[in-house]
Amino acid sequence: MKETDLRWQLRQLPREREPSRDLWPAIQAGMNRGRARPRHRWLLGLSMAASVALAAGLFLRGPANEAPVTGEQLTARIVSNESREIRDEYQAALRQFDGAPIAPELGPSITALDRSVAQIQSAIAADPGSVFLLDQLRKTYSRRLALTQRAVTG
């Protein structure tokens, strides 16, 4: 099973679930056992801050022979990666309906949404840092999937 299939299945799970018992006493007891001594608490915070700063620095710097990544380049990378992930998840979701008959009257709408997806992907290639375009891509994929589900299930 591919990771995208797992992600799609995870998104289908209910968002909230009530625990079978009150979990707070066990959480509180664990917090009390694991508390750092007050005089060393600042050291814990400092080491956590240093770890975050180091990780961010390594991520923004990239390989040793490359210049640091700008905020704009970082946004472009994130948008590009996210658009690929959205596309992969969408395609995995659509595979559920492979071979299912689709009502002919919905064909033009599906074709129009597919054209919109292609246009948005071209626009993202031209402006890779556009979060707006990423949001439009997500909405268009969602509409296309909903229309396909409705066409197949009735």
Output the distance between atom [atom1] ([X]) and atom [atom2] ([Y]), rounded to the nearest 0.5 Å.
X	Y	atom1	atom2	value
I78	S83	CD1	OG	12.0 Å
K139	L113	NZ	CG	14.0 Å
T140	Q136	OG1	CD	6.0 Å
I110	T148	CD1	OG1	4.5 Å

- prompt: Sequence neighbours excluded, which residues qualify as side chain to side chain donor-acceptor pair (under 3.5 Å) partners of D127?
  reply: none

Side chain to side chain donor-acceptor pair (under 3.5 Å) involving S80 - partner list, sequence neighbours excluded: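 S80 satisfies side chain to side chain donor-acceptor pair (under 3.5 Å) with R84 only.
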
message: Going by ring-ring contact (aromatic ring centres under 6.0 Å, His included), name the pairs with one or both residues in residues 101-152, residues two or more places apart or in two chains.
response: Y90-Y141

task: Kindly write out the residues that satisfy side chain to side chain contact (heavy atoms under 4.5 Å, CB included) with E82, not counting sequence neighbours, or none if the list is empty.
output: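 Scan of E82 (side chain to side chain contact (heavy atoms under 4.5 Å, CB included), adjacent residues dropped) gives E85, I86, L134, R138.
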
task: Report the residues that fulfil side chain to side chain contact (heavy atoms under 4.5 Å, CB included) with A93, sequence neighbours left out, ordered by chain and then residue number.
output: W8, Q96, L145

message: Run V79 and I124 through side chain to side chain contact (heavy atoms under 4.5 Å, CB included) and show every step you take.
response: CA-CA 8 Å; V79 167; I124 288 175; 4.2 Å; yes

- request: Tell me, please, which residues at least two apart from D114 pass salt bridge (charged side-chain N to carboxylate O under 4.0 Å, His left out).
  value: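 For D114 the salt bridge (charged side-chain N to carboxylate O under 4.0 Å, His left out) partners, ignoring immediate neighbours, are R144.
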
query: Considering the options Q121, Q119, R115, which one meets the side-chain contact (heavy atoms from CB on, under 4.5 Å) requirement together with V117?
result: Q121

- request: Verify side chain to side chain contact (heavy atoms under 4.5 Å, CB included) between L106 and R150, making sure each step is shown before the conclusion.
  value: CA-CA 10 Å; L106 295 176; R150 188 174 62 178; 4.3 Å; yes

